[in-house]
Asks: 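Pasting a structure below so you can have a look.
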Amino acid sequence: MTAITDDQTDGQNDADGQNDADGQSNAGGQNAGDENAGDQTVAGDRWDDGLIARRAGGRAEEAESEPGDDLPAEEHVPIGGAYVGPLRVRLDALRELIGLSRTRLDGKTLAEAGRVLDEAAARQRLSSRHTVVAIAGATGSGKSTLFNALAQVPISETGLRRPTTSAPIACTWSEGAAGLLDRLAIPPRLRRRPLAGGDEELSGLVLVDLPDHDSAMVRHREQVDRVLALVDAVIWVVDPEKYADAALHERYLRPLAGHAEITFVVLNQVDRLPGEAADQVLDDLRRLLDEDGMALGEHGEPGATVLALSALTGDGVGELRELIGTFVQERDAAARRLSADVDAAAAKLRPVYLAAGRTGLGERSRDDFSARLAEAVGAKAAGEAAEREWRRNAGRACGTPWLRLWRWYERARTPGSGVPEAAAPVEDELTARQRVEQAVRTVADEAVLGLPTPWAQAVREAAVRGAEGLPEALDELAVREAEAMSGRPLRPSWWPAAVLAQASMTLLQIYGGLWLMGQIIGLLEPGLMAPVLVMLAGIVGGPLVEWACGAAARGPARRYGQDARRRLQEAAAGCGRAKVLDPIAAELMRYREVRERYATVSGSGK
């Protein structure tokens, strides 16, 4: 196979390669490679893309049969099933997490997680026998030379003119990778095969040479970013002059530190370094990668592979080929890449899911809220009023008739004394409403302690919605409870005996008075002692009975007031629980549910 000419590389790559990159990434990436997509039905993580897939597949076949194409049309082998093991559990949890969070988090926050799920579904429908490895690097790093050295044939153009590579070029060592290349939007004319089919050890490898990541042309950098988000692994090619370039480390290596297991970092052009300088530069490169947070795969530990070579002289290329061959034959690069993507998405979502401490409302907070509502509704005052009313009724029933007559006279003589008590002032009503609002704000603040901002906002909104109409509901509740208490019997079982005793004392007074009057007018025989004693017994006994009844009524009156207060407190607490506490508890339960899903996604729940 011959090398690509200048016209092919510069003319077609610039014009057509960019169009394919922009126009075919969606259709080709998801549909073109799957010829059986039209027969799929929704089952688990699979979906039926129907007519769209068939049309896209038709367009891909037409494109692959264009005149001048070096390769025949290829069929990819779909995985044919869902992901298995911990990765499947994490993907399912991520899908549920997004579903539970859509009404609480904005789309921008969930965008990366949604992209990971989309890419997982797209990669699942494509070949599992192939591993897509991209070669990326800066201008002049020699990545195209390394690309050709790995392919053992001049496929990607090399030279002094920059940029040499203007569009991604792919080389496949086995058939069945058409769907993967369509997903990368690499047109058929830029798909190559090594001579005589290549080495068997690299069977399943799809090697992609990318434009320079530091190219002066924006569209080149955009293509690099687009392809890097889709490939299964990356070989970063650095040279002794630019290996410490800030653009490389800050834009790529540091953000992709979690993808260390699918990353190769190659120090190229070591033939230009004298003596032990190559080892020194390689050690410094390892130090920089460690500062970037990228784990290094040394001493059997998982991590990035770092080695030095010379693509020009071939020194170290064989070792790299062997490492890539072993890596490809494991056939788990796609799962590793996806697992790292899930890790990265979980890290970005961490601030919106993990609380700073224990969350929820304790019993003390609930009791305090109920107490504030009881205070606002006037439960204490209602209890005291009920107690006074009970004692007043006891006094009316068991008091002496003369004292009751005197009290009636005093009320009749005093203007306005018979007017009922006025309603509560407007200021008191406003104060009660403010107390309810303050109680709601307080319990909401206690409920959101430590919660991430979106969930804290959701809890506050639930509390505010529940507080709407709460003061009016409490007012209606107080009226109903007052009416219910007024209809209850206020007389204990001993009241009839007390009333009878008071009536007896009154009769003794009347009888003694009539007896004495009869003696005075001469109707009865004189004898003052007997009528006076009878009359005195009635006069003294009446107040004594009234005092005894008052003393006996204190306990029942207190219990009656406490019962009235308790009933109103419980009613107010039930109203507050239904309108405020239950909605808050529902939001906290939802947060705990998504937090459990997030723990599974992040791997801490395994």
Side-chain angles (χ1 to χ4, degrees), residues 25-26 28-31 33-34 44-47 49 78-79 81-128 130-134 179-180 182-185 222 224-234 251-263 293-294 332-354 452 454 593-606:
S25 58
N26 294 332
Q30 294 184 353
N31 303 323
D34 194 352
D45 293 334
R46 304 178 65 187
W47 59 287
D49 48 5
I79 289 180
Y83 294 106
V84 296
L87 179 58
R88 177 177 181 177
V89 174
R90 296 179 69 191
L91 289 173
D92 292 341
L94 182 60
R95 187 176 297 106
E96 294 176 3
L97 183 66
I98 293 178
L100 291 170
S101 305
R102 290 192 185 279
T103 58
R104 299 295 178 266
L105 304 178
D106 57 80
K108 185 177 180 181
T109 303
L110 298 174
E112 178 62 18
R115 186 197 69 81
V116 171
L117 288 178
D118 292 341
E119 295 302 335
R123 186 64 179 90
Q124 180 185 353
R125 291 190 295 271
L126 300 175
S127 174
S128 63
H130 291 79
T131 300
V132 183
V133 180
L180 292 169
D182 288 339
R183 181 170 177 246
L184 298 178
E222 291 176 348
V224 172
D225 295 341
R226 177 183 60 80
V227 175
L228 285 179
L230 301 176
V231 297
D232 300 328
V234 184
R251 186 176 180 183
Y252 294 104
L253 296 180
R254 193 168 301 163
L256 295 175
H259 296 68
E261 292 188 24
I262 59 165
T263 301
M294 181 172 291
D332 61 351
R336 291 188 191 181
R337 167 60 194 262
L338 188 54
S339 181
D341 287 344
V342 174
D343 289 338
K348 290 183 179 180
L349 292 175
R350 181 183 178 87
V352 299
Y353 285 115
L354 287 190
E593 186 176 359
V594 299
R595 187 176 59 184
E596 292 175 358
R597 298 296 189 279
Y598 176 78
T600 303
V601 171
S602 62
S604 59
K606 295 187 292 183

Asks: For residues Arg597 and Leu100, report the shortest heavy-atom separation together with the two atoms involved.
Replies: CG-CD1, 4.3 Å

Asks: I need the Leu338 CG to Asp343 CG distance, nearest 0.5 Å.
Replies: 10.0 Å

Asks: I'd like to know if the side chain of Ser602 and the backbone of Ala599 have a donor-acceptor N/O pair within less than 3.5 Å.
Replies: yes

Asks: Do the side chains of Arg95 and Asp92 get close enough for a salt bridge, i.e. N-O under 4.0 angstrom?
Replies: yes

Asks: What heavy-atom pair brings Ala229 and Arg115 nearest, and what distance separates the two atoms?
Replies: O-NH1, 3.9 Å

Asks: As a quick check of understanding, evaluate side chain to side chain contact (heavy atoms under 4.5 Å, CB included) for Val234 and Tyr252, giving each step before the final call.
Replies: CA-CA 11 Å; Val234 184; Tyr252 294 104; over 6 Å; no

Asks: Nearest 0.5 angstrom please: Ile262 CD1 to Leu256 CG, how far?
Replies: 8.0 Å

Asks: Can you find a pair of side-chain heavy atoms, one from Ile98 and one from Leu117, that are under 4.5 Å apart?
Replies: yes

Asks: Indicate the atoms forming the closest heavy-atom contact of Arg337 with Leu228, along with that distance.
Replies: NH1-O, 2.9 Å

Asks: Which residues pass the side-chain contact (heavy atoms from CB on, under 4.5 Å) test with Ala333, not counting sequence neighbours?
Replies: Thr131, Asp232, Phe327

Asks: Got a sec, which residues hit ring-ring contact (aromatic ring centres under 6.0 Å, His included) with Tyr598, two or more places apart in sequence or on another chain?
Replies: Tyr353

Asks: How far apart are the closest heavy atoms of Leu253 and Met294, and which atoms are they?
Replies: O-CE, 3.6 Å

Asks: Locate the shortest heavy-atom distance separating Ala113 from Ala345; write the atom from each residue and the value.
Replies: CA-CB, 4.2 Å

Asks: If every non-hydrogen atom of Val594 is compared with every non-hydrogen atom of Leu97, which pair is closest and at what distance?
Replies: O-CD1, 3.3 Å

Asks: Is the shortest side-chain N to carboxylate O distance from Arg226 to Glu222 below 4.0 Å?
Replies: no

Asks: How would you list, by chain and number, every residue that makes a salt bridge (charged side-chain N to carboxylate O under 4.0 Å, His left out) with Arg102, sequence neighbours excluded?
Replies: none

Asks: Which one of Arg125, His130, Arg123 satisfies the side chain to side chain donor-acceptor pair (under 3.5 Å) criterion with Ser127?
Replies: His130

